[in-house]
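This report concerns only the one structure given below.
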Amino acid sequence: MTIVIGGAWPYANGSLHLGHIAALLPGDILARYYRQKGDNVLYVSGSDCNGTPISIRAAQENTTTSAIADRYHQEFTQCFHDLGFTYDLYTRTDAQHHHEAVQAIFLQLMANNYLYKKKIEQAYCETDKQFLPDRFVEGTCPNCGAKARGDQCDNCSKILDPLELIDKRCKICGNEPVIRETEHFYFTFSQFQGRLETYVAEAKADKRWRDNAIGLTERYLAEGVPDRAVTRDLPNGIDVPVPGFEGKKIYVWIEAVAGYLTASMEWAKQHNIALEELWNEETVSYYVHGKDNIPFHTVIWPAILMGMGAKALPTHIVSNEYLTLEKRKLSTSQNWAVWVPYILRRYDADSIRYFLTINAPENRDTDFSWREFIYSHNGELLGAYGNFVNRTLKFLEKSFASQVPQVDVDGTIRKQTIQLFSDVGVAIEGGHFKQGLEEIFAYIRAANRYFDEQQPWLQVKENIAACHQTLATCVYIIANLGQVLQPFLPFSTEKIRDMLGITELMWYEQVELPKSIGEVTPLFERLDVALIEEEYEKLVNDSHS
């Protein structure tokens, strides 16, 4: 069995912020966990480098679209590396392999009679002399009255056609666009209505999708899935491989979501493996993204896969709600964001991973505040986890010359540890990462209580046999934390395994204890609480500049 994990593709026209990482981090936790269990894992994603926003950024900076895409793709790759993301392939949508594979998918859908030509009216800006991509028509949502883009309303999540918007404006120049006729290919989404309803009902019955994905998708299906134009008049992207359609591009609805498949195809080619070994009816797939991407993964992509006759439909949808910042909605245009390159320069990657998992917007919007971030680092990571590891190993170093007593560990704690692997595994597989991490930290707090109750500093003088068992048990706990915490906090767990001389990763109880420990170094440093005010002021000042 193969586990295919697809992380949403960030758009390469600006830096990543914490909202992106909150949505994408579950993918890496899943990949690390399944690999540790010994499963066959393929974890893919990439930078979305096609489309108009990049063209506009390039025009503003008087450079090329490829220069903009290159800059942000490199930055993304570095950020993901520094955060410990373990993609098997992190690629980009302007890669030749992606272009060729998407054109082949397009022609396959056409051969299967799921594409047809249709003359339509589209918004055209006479000032900028171009047809406007959906998201470059802005106006009022006809469904809820909020300000919306032409492809989707962020307020009510309705998928829109730009011509439905009230009081339309061109995002580039602000003028009202005119309506002109153009010809495009349409995908027959409506033909898949019944199959999609059955598919979603099965996912709901098996509880494989997040509630927000089920709720939104049921709403889309209740409204009826309309046929959609899947080509556009765009400045950059993938050419439509059909005579008479020169200059037109395959739209993001086919092009970007197909990235999961095209990246898998490229990885299979690089490793001389048949794609069918990875993508088949047995494949378990996780699609990891924010809630604004739900319909693309639960309606559009499954319909395309059905249209291609592909067997591996998405099985698990891991769709986070939004992360807010200091009780306000993240806004890149107002610079109200914590940018990933910045926070990585100043803070431990495990601190970021811990905070965004323990406060993950799994079922509702959650908030990032500098106060909570600093306090959670000092209280949980340093105060509970780091402190337990440090106090145990320092005591061994000082009182036993770094030698680990080779005696049986506490039987009750062994039972709890075996159960912990089982419980956390179930939580991760079900997409409940916050719950899994909470269970591990409850175990860490219990370990600290055990150390305090046993009082090894007294046992070493009064009852050496009891002291040996206490310390053997505490080293056993640390060795197992070095395994069970690895999917969540890879950097500190690697330090643990280095100190204990453990080389193997496993998703089961680590029974064998090391004979001795290496040099003891703290897992974390204390953060000065003065940083709270400093970071908040910087955030406010940056948003005003």
Qualifying salt bridge (Lys or Arg N to Asp or Glu O under 4.0 Å) pairs with a residue from residues 260-282, counting only residues at least two apart or across chains: none
Inspect the surroundings of [atom1] in [X] and state if more than 12 heavy atoms from other residues, nucleotides or ligands are less than 6.0 Å away.
X: K204; atom1: NZ; answer: no
X: D211; atom1: CG; answer: no
X: H271; atom1: NE2; answer: yes
X: E494; atom1: CD; answer: no

Could you check, using the six-membered ring where one of them is a Trp, whether [X] and [Y] have ring centers closer than 6.0 angstrom?
X: Y87; Y: W9; value: no
X: Y90; Y: H73; value: yes
X: Y260; Y: W279; value: no
X: Y33; Y: F433; value: no
X: F373; Y: Y347; value: yes
X: Y114; Y: F192; value: yes

Drop me the distance from [X]'s [atom1] to [Y]'s [atom2], to the nearest 0.5 angstrom.
X: C79; Y: H17; atom1: SG; atom2: NE2; answer: 12.5 Å
X: T86; Y: R32; atom1: OG1; atom2: CZ; answer: 5.0 Å
X: F296; Y: I254; atom1: CZ; atom2: CD1; answer: 13.0 Å
X: H316; Y: R210; atom1: NE2; atom2: CZ; answer: 11.0 Å
X: N40; Y: T2; atom1: CG; atom2: OG1; answer: 4.0 Å
X: D348; Y: L489; atom1: CG; atom2: CG; answer: 9.0 Å

Parallel, tilted or perpendicular: rings of Y287 and H297 (30°, 60°): tilted
Aromatic ring pairing W370/Y342, orientation class (parallel under 30°, perpendicular over 60°, tilted between):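 The rings of W370 and Y342 stand perpendicular, inter-plane angle above 60°.
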Quick one: do the [X] and [Y] side chains pair a donor with an acceptor below 3.5 Å?
X: H99; Y: D239; value: no
X: T366; Y: N359; value: no
X: S319; Y: N212; value: yes
X: D227; Y: T188; value: no

Closest heavy-atom contact between [X] and [Y]?
X: V424; Y: G436; result: CG2-O, 3.7 Å
X: A263; Y: L89; result: O-CD2, 3.3 Å
X: H98; Y: R92; result: CB-O, 4.0 Å

Working for side-chain contact (heavy atoms from CB on, under 4.5 Å), residues I294 and T217: CA-CA 8 Å; I294 287 171; T217 308; 3.9 Å; yes
Salt bridge (Lys or Arg N to Asp or Glu O under 4.0 Å) assessment of E429 paired with K37: CA-CA 11 Å; E429 290 183 25; K37 267 186 76 190; 3.2 Å; yes
Residues D367, T324; criterion side chain to side chain donor-acceptor pair (under 3.5 Å); working and verdict: CA-CA 5 Å; D367 189 60; T324 57; 2.7 Å; yes
Is there a side-chain contact between [X] and [Y] in this structure, where contact means two heavy atoms from C-beta onward sitting under 4.5 Å apart?
X: D233; Y: R180; value: no
X: K291; Y: S157; value: no
X: L381; Y: F355; value: no
X: R353; Y: I29; value: yes
X: V200; Y: W209; value: yes

Verdict with reasoning, W336 to D542, per side-chain contact (heavy atoms from CB on, under 4.5 Å): CA-CA 8 Å; W336 189 257; D542 286 353; over 6 Å; no
Partner of E100 under side chain to side chain donor-acceptor pair (under 3.5 Å), chosen from Q103, H97, Q96: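 It is Q96; the other options fail the test.
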Residues F185, K118; criterion side-chain contact (heavy atoms from CB on, under 4.5 Å); working and verdict: CA-CA 6 Å; F185 275 100; K118 182 180 169 186; over 6 Å; no
Residue that, paired with R149, satisfies salt bridge (charged side-chain N to carboxylate O under 4.0 Å, His left out) out of D292, D154, D134: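 The passing option is D154.
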Flag, side chain of Y286 to backbone of I3, donor-acceptor distance under 3.5 Å: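 A pair under 3.5 Å: no.
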Expected output: side-chain E183 to main-chain K117 donor-acceptor under 3.5 Å: no
Salt bridge (Lys or Arg N to Asp or Glu O under 4.0 Å) assessment of R364 paired with E321: CA-CA 6 Å; R364 57 181 176 79; E321 295 287 313; over 6 Å; no
Criterion side chain to side chain contact (heavy atoms under 4.5 Å, CB included) against T231, the qualifying member of Y251, F187, F106: F106
Option among D48, T93, N50, I238 that satisfies the side chain to side chain contact (heavy atoms under 4.5 Å, CB included) test with V252: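 By the side chain to side chain contact (heavy atoms under 4.5 Å, CB included) criterion, V252 pairs with just one of D48, T93, N50, I238: D48.
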Test: E255 and K249 ion pair at under 4.0 Å: no
Steps toward side-chain contact (heavy atoms from CB on, under 4.5 Å) verdict (Y220, I159): CA-CA 8 Å; Y220 291 131; I159 296 177; 4.0 Å; yes
Pair K158-E164, salt bridge (Lys or Arg N to Asp or Glu O under 4.0 Å): steps then yes or no: CA-CA 11 Å; K158 186 174 175 64; E164 297 172 347; 5.8 Å; no
Cation-aromatic face contact R228/F189, 6.0 Å, 45 degrees: no
